[in-house]
Amino acid sequence: MRQLDRRSSDEWEQQVAGTIYALRRRVLTPDVKETLVSTRGFHVKNPESRTILETVGSSFLTGLSSAAGARRVTDVDTDLAPLPTRFQGFAYEGAAMGFALVDALTPGTPRRSAEFLAGTGDRHVYMAYVGIGWALARLPKLLWRRALAGATDPLLRWLVHDGYGFHQAYFRTAEYVHGQRAVTDFPWPPEGPTAYAGRAIDQGIGRATWFVAGCDPTVAADLIDRFPAARHEDLYSGAGLAATYAGGCTADELRVFLARAGEHAPFVAQASAFAAQARIRAGLLVPHTELATQVFCRASAADAGRVTDELIPAGPDASGRPAYEVWRRAVAARFRAAARVQP
């Protein structure tokens, strides 16, 4: 009788837990309609680019949903394995957002993001830090500390800002893209530098601008050029990363975008190299990334990605620039000659 009681109790607990996980998944995952180009009001270049952007969005939500409802952190690997190589990185970005949200909203010590990053999330670390930034955009500031518990890398933590900026530009496009709203008071990391937080957020806004423009390089450049000139470097860099990672362009279109970037072309190349290394580290290299580095960096994806690893700095420079910006500038300098517009 005691064994039957214990078995009934275990089954009841499993049912309750399953209900909680399912409810968490439902509450934390937006409707997929929110990622439709028609819902967002983004530019439509052609049916192919529309499909790419909408599949990116649905893949992201697949990862978010998986993490939000996961019993174990490793469950997401099983859930996301069937996704096409091209879109798995976006799904892991969504998973990182999901784990950060659950850490922020669930009682107890936040552990899921850290466990994820210590496991298979390490291969997707760049996208994972971006995903944590998405979570911040959905949470009140009093919960940020819990959501950020896994974001301990002093070099990569600025990708959190990139994710925050992308979210704001993607969901609040009129305000952050067409209205060119700048973020000047971002409170993390508490030691600053606060001014650089705004710049890293602009890199995310630039990345989202590529989506807003529907992968059309002329539309993307037109949108960026309406911002104050001081913001162009980071915005063009972000858009270059999106063009390389998400794709949606021909070689000729990529050359148009590089030409429109003008003096900021080296930072388009820098971001392209970062995107290539993110895909290579995750084992997700695809042809459109190879094409983009050939145009932006005049190098293979492997060679461009290798440069980013070679130039990782030891820390901030003497002027106080964060290590992440030191890194970006070193990579941009390496590709400065390559980023000149090709005839």
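All of these numbers come straight from a predicted model, not from anything done at the bench.
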Regarding Arg321 and Asp317, does a basic nitrogen lie under 4.0 Å from an acidic carboxylate oxygen? yes

Donor-acceptor contact present, side-chain Gln168 to main-chain Gly165, <3.5 Å: no

Any chance you could lay out the side chain to side chain contact (heavy atoms under 4.5 Å, CB included) test for Glu34 and Arg40, step after step, and finish with the verdict? CA-CA 7 Å; Glu34 291 300 308; Arg40 302 263 54 86; 3.3 Å; yes

Looking only at heavy atoms, what is the nearest atom pair of Ala95 and Ala67, with distance? O-CB, 3.2 Å

Please evaluate residues Leu148 and Arg157 with respect to the criterion side chain to side chain contact (heavy atoms under 4.5 Å, CB included), reporting the C-alpha separation (whole Å), side-chain torsions for both, the decisive distance (0.1 Å), and the verdict. CA-CA 9 Å; Leu148 289 160; Arg157 63 183 175 181; over 6 Å; no

Using only atom types and a distance under 3.5 Å, with no angle test, would you say the side chain of Arg231 pairs donor to acceptor with the backbone of Gln180? yes

More than 12 heavy atoms of other groups within 6.0 Å of Glu310 CD: yes

What's the separation between atom CZ in Arg72 and atom CD in Glu115, rounded to the nearest 0.5 Å? 10.5 Å

Would you sort out whether Trp144 and Leu139 count as a side chain to side chain contact (heavy atoms under 4.5 Å, CB included), showing the intermediate values? CA-CA 7 Å; Trp144 280 17; Leu139 291 166; 4.1 Å; yes

When you check the side-chain N and O atoms of Asp75 and Thr78, is any donor under 3.5 Å from an acceptor? no

Scan Trp327, Phe267, Phe296 and name whichever one has a ring pair (Phe, Tyr, Trp, His ring centres under 6.0 Å) with Phe274. Trp327

Common cluster, Val326/Val331, ILVMFWY with side-chain heavy-atom separation under 4.5 Å: no

Is there a donor-acceptor contact under 3.5 Å from the side chain of His232 to the main chain of His264? no

Looking only at atom types and distance, does a side-chain atom of Thr293 sit under 3.5 Å from a main-chain N or O of Ala301, one as donor and one as acceptor? yes

Salt-bridge present (Glu54, Arg50; N to O < 4.0 Å): yes

Could you tell me whether Arg207 and Asp162 make a salt bridge, using a distance below 4.0 angstrom between a side-chain N and a carboxylate O? yes

State, yes or no, whether a side-chain contact exists between Leu223 and His178 at a heavy-atom distance under 4.5 Å. yes

Check the angle between the aromatic planes of Phe211 and Tyr170 and answer parallel, tilted or perpendicular using the 30° and 60° thresholds. perpendicular

Check: Gln88 side chain, Leu83 main-chain N or O, donor-acceptor pair, under 3.5 Å: yes

Hey, does Leu156 have a side-chain heavy atom less than 4.5 Å from the side chain of Val125? yes

For the atom pair CD1 (Ile224) and CD1 (Ile205), what is the distance rounded to the nearest 0.5 Å? 11.0 Å

So, Lys45 and Glu253, do they make that salt bridge, N to O below 4.0 Å? yes

Heavy-atom donor-acceptor pair, Asp77 side chain to Thr120 backbone, under 3.5 Å: no

Point-to-point distance, once rounded to the nearest 0.5 Å, from CZ of Arg336 to CD of Gln270: 11.0 Å

Option passing ring pair (Phe, Tyr, Trp, His ring centres under 6.0 Å) with His161 (candidates Tyr196, Phe186, Trp134, Tyr129): Phe186

Does the side chain of Gln203 come under 3.5 Å of the side chain of Asp234 through a donor N or O and an acceptor N or O? yes

Side chains of His167 and Arg138: donor-acceptor distance under 3.5 Å anywhere? yes

How about Thr250 and Asp252: does a side-chain donor come under 3.5 Å of a side-chain acceptor? no

Do Leu235 and Val183 share a hydrophobic cluster (ILVMFWY, side-chain heavy atoms under 4.5 Å, transitive)? yes

Taking 4.0 angstrom as the limit, do Arg306 and Asp309 come out as a salt bridge? no

Determine whether a donor-acceptor pair (N or O, by modelled atom type, separation under 3.5 Å) exists between the side chain of Glu93 and the backbone of Ala128. no

No-hydrogen, no-angle side-chain donor-acceptor test under 3.5 Å, Arg328 and Ser237: yes

Which atom names give the shortest non-hydrogen contact between Gly247 and Cys215, and what distance separates them? O-SG, 3.6 Å

Side-chain touch Val307/Asp303, heavy atoms, less than 4.5 angstrom: no

May I ask you to decide if the ring planes of Phe116 and Tyr92 are parallel, tilted or perpendicular, using 30° and 60° as cut-offs? parallel

Is a side-chain donor or acceptor of Thr39 paired with a backbone partner of Thr35 at a separation under 3.5 angstrom? no

Apply side chain to side chain contact (heavy atoms under 4.5 Å, CB included) to the pair Thr194 and Asp185, showing each step before the final yes or no. CA-CA 7 Å; Thr194 302; Asp185 57 351; 5.8 Å; no

With rounding to the nearest 0.5 angstrom, report the CE to OG distance, Met97 to Ser65. 12.0 Å

Tell me whether Leu285 is reachable from Ile52 by hopping between hydrophobic residues (I, L, V, M, F, W, Y) whose side-chain heavy atoms are closer than 4.5 Å. no

Mind checking whether Pro316 and Pro322 have side chains closer than 4.5 Å, heavy atoms only? no

Walk me through whether Trp210 and Phe42 qualify under ring-ring contact (aromatic ring centres under 6.0 Å, His included). CA-CA 10 Å; Trp210 184 256; Phe42 294 168; over 10 Å; no

Report yes if some heavy atom in the side chain of Thr244 is under 4.5 Å from a heavy atom in the side chain of Thr289; otherwise report no. yes

Judged by atom type as modelled, is there a donor-acceptor pair below 3.5 Å linking the side chain of His288 to the main-chain atoms of Tyr245? yes

Between Glu175 and Arg172, is the salt bridge (charged side-chain N to carboxylate O under 4.0 Å, His left out) condition met? List the steps. CA-CA 6 Å; Glu175 186 178 353; Arg172 298 167 64 178; 3.0 Å; yes

Count I, L, V, M, F, W, Y as connected when their side-chain heavy atoms are under 4.5 Å apart, and connections chain through other members. Are Tyr164 and Leu155 then in the same cluster? yes

Spacing of CZ belonging to Arg181 relative to CD1 belonging to Ile201, to within rounding of 0.5 Å: 10.0 Å

Quick check: closest heavy atoms across Arg146 and Thr106, and the distance to 0.1 Å? NH2-O, 2.5 Å

Test: Arg329 and Glu233 ion pair at under 4.0 Å: yes

Taking all non-hydrogen atoms of both residues into account, name the closest pair between Ala243 and Leu254 and its distance. CB-CD2, 4.1 Å

Output the distance between atom OG1 (Thr62) and atom CG (Asp79), rounded to the nearest 0.5 Å. 9.0 Å

Between Ala220 and Phe257, what is the shortest heavy-atom contact and its length? CB-CE1, 4.2 Å

Member of Leu241, Asp202, Leu258, Asp225 meeting the side-chain contact (heavy atoms from CB on, under 4.5 Å) criterion with Tyr236: Asp225

Backbone of Leu284 reached by a side-chain donor or acceptor of Arg86 within 3.5 Å: no

Can you give me the closest heavy-atom contact between Ala273 and Phe335, atom names plus distance? CB-CE1, 3.8 Å

May I ask whether Leu53 and Phe171 are part of the same hydrophobic cluster, defined by side-chain heavy atoms of I, L, V, M, F, W, Y residues being less than 4.5 angstrom apart, directly or through others? yes

